[in-house]
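Report on one structure; see the data block that follows.
Computation of the quantities below employed the complete heavy-atom set of this structure, encompassing side-chain atoms and omitting hydrogens, waters and symmetry-equivalent molecules. Within every chain, numbering begins at 1; the chains are lettered A, B, ... in the order of the sequence lines, protein sequences first and strands thereafter. Worth saying up front: this structure is predicted, and the values here are computed from it rather than measured.
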Amino acid sequence: MDAEEYAELVLRCVERVPAGRVTTYGSIAEAVGAVCGGGGPRQVGTVMSRHGGGMPWWRVVRADGSAPPTHALEARQAWLSEQTPLRPSGSVDLTRAFVAARLPD
DNA sequence: TACTTGACATTTT
DNA sequence: AAAAATGCCAAGT
């Protein structure tokens, strides 16, 4: 399993997340790690930073429901336009929006 | 081989 | 509640 394939799986998981819902780096790491072995939340983050362009990266959040500080503003706009359930604090309400990452069929 | 860097997570201050 | 310390895993230098 090379890094490219790992990235493919991660990206596919992101695409499977419906608008208005989110999943976490950790959840994706679990799903992909189950078949790829190894990997972890950080690897998922790395993949997003390199191949995140062109996909709904704002549907992937940290374990506490917040987006990476570097893209926090854009993420919030995207969440608002998709009507993603947010908490007063500005981060995503995981109890309402979280969906576990699923591997492609 | 050793050290640094990152769109992370968890525990402890 | 918020910040710091630790642990983590792979890739690049």
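The environment of A:Arg16 atom CZ is dense: over 12 non-hydrogen atoms of other residues, nucleotides or ligands sit within 6.0 angstrom.
Rounded to whole Å, the separation between the C1' atoms of B:dA7 and C:dT13 comes to 22 Å.
Separating the CZ atom in A:Arg21 from the CG atom in A:Leu94 is a distance of 10.5 Å, to the nearest 0.5 Å. Once rounded to the nearest 0.5 Å, the distance linking CG of A:Asp2 with CD of A:Glu8 reads 9.5 Å.
Per the geometry, CE belonging to A:Met1 stands 18 Å off P belonging to C:dC9, to the nearest Å. A straight line from OH of A:Tyr6 to C1' of C:dA10 spans 9 Å, rounded to a whole angstrom. Taking atom CG on A:Asp64 and atom C1' on C:dA3, their separation rounds to 14 Å, with Å as the unit.
Counting all heavy atoms, side chain and backbone alike, A:Arg62 lies closest to A:Thr24 at O-CG2, 4.0 Å. Of all non-hydrogen atoms in A:Ser27 and A:Ala101, the two that sit nearest each other are OG-N, 2.8 Å. Nearest heavy-atom pair, A:Glu82 versus A:Trp58, reported as atom, atom and distance to 0.1 Å: OE2-NE1, 3.1 Å. Summarising the geometry of A:Ala97 relative to A:Pro85, their closest heavy-atom pair is CB-CG, 3.7 Å, with the distance given to 0.1 Å.
Of the residues in residues 71-85 of chain A, not one places a heavy atom less than 4.0 Å from an atom of DNA chain C. The stretch residues 27-42 of chain A touches DNA chain B through A:Pro41, A:Arg42, each having a heavy atom within less than 4.0 Å of the strand.
Among the nucleotides B:dA7, C:dC9, C:dG12, the one closest to any side-chain atom of A:Arg50 is C:dG12. Listed nucleotides: B:dA9, B:dA7, C:dA10. Nearest to the side chain of A:Ser49: B:dA7. Ranking C:dA11, C:dC9, B:dA7 by closeness to the A:Ala3 side chain, first place goes to C:dA11.
For B:dA9, the base has no donor-acceptor partner in the side chain of A:Tyr25 [N/O atoms by modelled type, under 3.5 angstrom].
Panel note: side chain A:Arg59, backbone A:Val17; a donor-acceptor pair is recorded below 3.5 Å.
Pair check for C:dA1 finds none; no Watson-Crick or G-U wobble contact set falls under 3.5 Å.
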